[in-house]
Asker: 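Take this structure first; my questions come after.
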Number of protein chains: 2
Amino acid sequence: MTTSLAVSTVIFALRPSETSDLKTVWIPLVRRIRDPYVGKWALPGGPLLSEEDLASAAARNLGETTGLDPQYLEQLYAFGGLNRSPGERVVSIVYWALVRSEEAARASEGENVRWFAADSLPPLAFDHNLIVEYALWRLRNKMEYSRIAHAFVGETFTLAQLREVHEAVLGRALDPANFRRTIEASQSVVATEQRLSGTKYRPPRLYRYNDAIDLADQGPLGPAYRSSRAPSPQQITPNPHPQERSTRQ
Amino acid sequence: MTTSLAVSTVIFALRPSETSDLKTVWIPLVRRIRDPYVGKWALPGGPLLSEEDLASAAARNLGETTGLDPQYLEQLYAFGGLNRSPGERVVSIVYWALVRSEEAARASEGENVRWFAADSLPPLAFDHNLIVEYALWRLRNKMEYSRIAHAFVGETFTLAQLREVHEAVLGRALDPANFRRTIEASQSVVATEQRLSGTKYRPPRLYRYNDAIDLADQGPLGPAYRSSRAPSPQQITPNPHPQERSTRQ
DNA sequence: ACAAAAGTGTTGGAGGTACACCCATGT
DNA sequence: ACATGGGTGTACCTCCAACACTTTTGT
């Protein structure tokens with residue numbers, strides 16, 4: 001009995017909720033067209049090719065199946081239980097990814113690809129329900145001490161937009177005043193001189209991500225380290241994105 | 001070119017430092033006896049057998065090479081860079097483990113197994129220096145918000161002993177008074193009626209780990225969840241340990 | 001008695017929540 | 001002018017570091 005190696009990805013995007021007025025977390029799933037669990041929904045994934053590293057495999061697979069280009073990509077966990085897949089032994093190295101709302105909007109949705117609200121999924125193929133649950137837990141956790149929220153917004157953004165991201169992921173409203181101070185204290189954003197116009201009422205200031213301050217989550221595996229060091233594994237935030245702008249002046 | 005799957009483990013134990021009077025973090029390494037990097041020191045590891053899950057593979061390998069029985073075992077990361085091993089593509093799923101000092105003392109040390117201070121390692125085989133660095137980072141991080149320190153001490157322990165663990169891992173002294181209050185507030189320990197005798201000066205109270213409170217790190221992958229849930233992956237704290245006692249009365 | 005660790009009390013600062021309030025702009 | 005989100009001020013609470021102080025034992 002041979003054991004095969006696969007790479008899958010949990011992809012997160014924020015979309016307007018069907019019930020609440022806040023945005024909520026959604027993930028795209030693909031329908032199984034092969035034998036184990038045919039017809040069931042599953043995480044996008046596939047075998048690891050011999051000449052690509054793990055993060056590349058995740059990014060490629062994600063692009064091929066959903067057409068998406070993620071803003072953030074990080075390894076989640078390696079699942080290797082004996083009975084994950086009936087008949088055959090599969091070890092899955094799972095990544096999780098964040099895509100911006102605009103990117104998510106233009107995602108190919110069809111008969112075999114569909115978005116689901118992350119906290120009310122149907123029964124999925126394999127152990128994918130557990131995997132998504134764990135990924136969601138990581139996302140929510142990391143939102144509190146890291147700055148991944150920026151991966152959900154554009155290059156410039158208002159604090160209200162950034163707050164909306166936090167609220168969507170955390171699932172509860174945040175005090176605008178306190179949110180502002182917390183973010184400003186963290187130095188993770190820098191104010192631009194521009195303001196967002198076209199809104200009703202007072203135009204909010206636009207901010208930009210502060211590259212100078214590094215996140216320092218992931219420790220020695222983070223991008224900051226790896227550049228100044230020897231061999232280095234994979235695990236990278238993918239190539240930046242053609243950016244849209246929602247500002248003038 | 002085929003890609004093979006291996007499991008390795010970073011094993012941590014606390015031992016008296018050679019320089020400082022505090023204990024420090026040590027890890028056992030094994031000498032390579034095969035072709036890539038022959039003679040170099042490396043993490044214990046080996047191929048994944050087809051009928052064992054990932055955590056079992058880590059525990060088995062760890063036991064076979066070092067004779068140790070870990071108190072705690074958790075997955076660290078999957079390393080899958082293309083050039084990790086010259087000639088052949090290897091994806092390594094790495095675990096990290098904690099063993100108690102007494103256990104570590106009776107570890108087989110010999111020509112091909114030796115303990116090293118974790119923060120001053122020689123150049124290791126493969127990307128193992130980076131791996132250890134990352135594992136150390138995780139250990140130190142996790143020490144602050146989790147209760148893994150208990151894996152280093154016996155079943156009953158004084159707060160001074162527990163503090164010694166924190167100090168060793170963190171590499172700095174902690175205020176005994178504040179440490180006591182922090183631990184007591186966390187409810188992670190319960191006082192026993194016993195005291196440790198045989199010491200000079202006032203005999204300290206012995207404490208026991210509080211099983212009732214769960215750690216809730218690891219989220220959906222933690223033991224608490226998995227028992228009440230469906231298929232479930234691997235990733236477990238291994239079987240408990242024949243315990244020694246250092247108390248009387 | 002006394003030395004030293006065990007254990008308690010007290011203070012001050014940092015950070016986070018709740019909430020009152022002012023500011024600026026499109027309508 | 002006014003409604004409303006943008007943005008500021010402030011009081012309070014909790015948690016944590018620092019450190020003075022009391023208690024308890026073996027010698």
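The chains referred to below are lettered A, B, ... by the order of the sequence lines, with proteins before strands, and numbering in each begins at 1.
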Asker: Going by an N to O cut-off under 4.0 Å, is there a salt bridge joining B/E155 and B/R208?
Answerer: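 Salt bridge between B/E155 and B/R208, a charged N being under 4.0 Å from a carboxylate O: yes.
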Asker: Can you find a side-chain donor-acceptor pair between B/R138 and B/N141 that sits under 3.5 Å?
Answerer: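 B/N141 and B/R138 do not have a side-chain donor-acceptor pair below 3.5 Å.
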Asker: Please determine if a side-chain N or O atom of B/R181 lies less than 4.0 Å away from the OP1 or OP2 oxygen of C/dG7.
Answerer: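 For B/R181, the contact criterion (side-chain N or O under 4.0 Å from OP1 or OP2 of C/dG7) is not met.
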Asker: In this structure, how many angstroms lie between the P atom of D/dT23 and the CZ atom of B/R180, rounded?
Answerer: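 So the two atoms are 15 Å apart, to the nearest Å.
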Asker: Rounded to the nearest 0.5 Å, how far does CZ of B/R15 lie from OG1 of B/T24?
Answerer: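 That separation rounds to 9.5 Å.
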Asker: Just the rounded figure in Å: distance from P of D/dT4 to CG of A/L196.
Answerer: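 Those two atoms, CG and P, are 19 Å apart.
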Asker: Between atom CD in A/E184 and atom P in D/dG9, what is the gap in whole Å?
Answerer: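 Interatomic distance, CD of A/E184 to P of D/dG9: 11 Å.
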Asker: Given C/dC19, D/dG7, D/dC19, which nucleotide is nearest the side-chain atoms of A/R205?
Answerer: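 For the A/R205 side chain, the nearest candidate turns out to be D/dG7.
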Asker: Does B/N178 or B/T158 map to a spot on DNA chain C nearer the 5' end, using the closest nucleotide for each?
Answerer: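 Mapping each residue to its closest nucleotide by heavy atoms, the 5'-most match is B/T158.
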Asker: Nearest to the side chain of A/R163 - C/dA18, C/dG7, D/dG6?
Answerer: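 Among C/dA18, C/dG7, D/dG6, the one nearest the side chain of A/R163 is D/dG6.
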Asker: Quickly work out the B/D175 CG to D/dC21 P distance and round it to whole Å.
Answerer: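 Between P of D/dC21 and CG of B/D175: 15 Å.
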Asker: Go through the side-chain N and O atoms of A/Y72 and A/E74 and say whether any donor and acceptor fall under 3.5 Å apart.
Answerer: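 Side-chain D/A pair, A/Y72 to A/E74: present.
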Asker: Calculate the interatomic distance between B/Y207 atom OH and C/dA6 atom P; express it in whole Å.
Answerer: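 Distance check: B/Y207 OH to C/dA6 P gives 11 Å.
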Asker: Please state how far atom CZ in B/F179 lies from atom P in D/dC15, giving the value in whole angstrom units.
Answerer: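 Distance check: B/F179 CZ to D/dC15 P gives 18 Å.
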Asker: Take the protein atom CD of A/E167 and the nucleotide atom P of C/dT17, then report the distance between them rounded to whole Å.
Answerer: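 For the pair A/E167 CD and C/dT17 P, the rounded distance is 13 Å.
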Asker: Hey, what are the protein-to-nucleotides 20-26 of chain C N/O distances that come in under 3.5 Å?
Answerer:
from	atom 1	to	atom 2	distance (Å)
C/dC23	O2	A/R202	NH1	2.8

Asker: Would you say A/Q187 has more than 12 foreign heavy atoms packed within less than 6.0 Å of its CD?
Answerer: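 Result for CD/A/Q187: open.
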Asker: In this structure, how many angstroms lie between the P atom of D/dC16 and the CZ atom of B/R172, rounded?
Answerer: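 Atom-to-atom, B/R172 to D/dC16, this comes out as 13 Å.
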Asker: Give a yes or no on whether the ring-centroid distance for A/H150 and A/F157 is below 6.0 angstrom.
Answerer: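 A/H150 vs A/F157: aromatic centres under 6.0 Å.
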Asker: Verify whether one side chain among B/N210 and B/S188 offers a donor that lies under 3.5 Å from an acceptor in the other.
Answerer: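 Checked: B/N210/B/S188 side chains show no N/O donor-acceptor pair below 3.5 Å.
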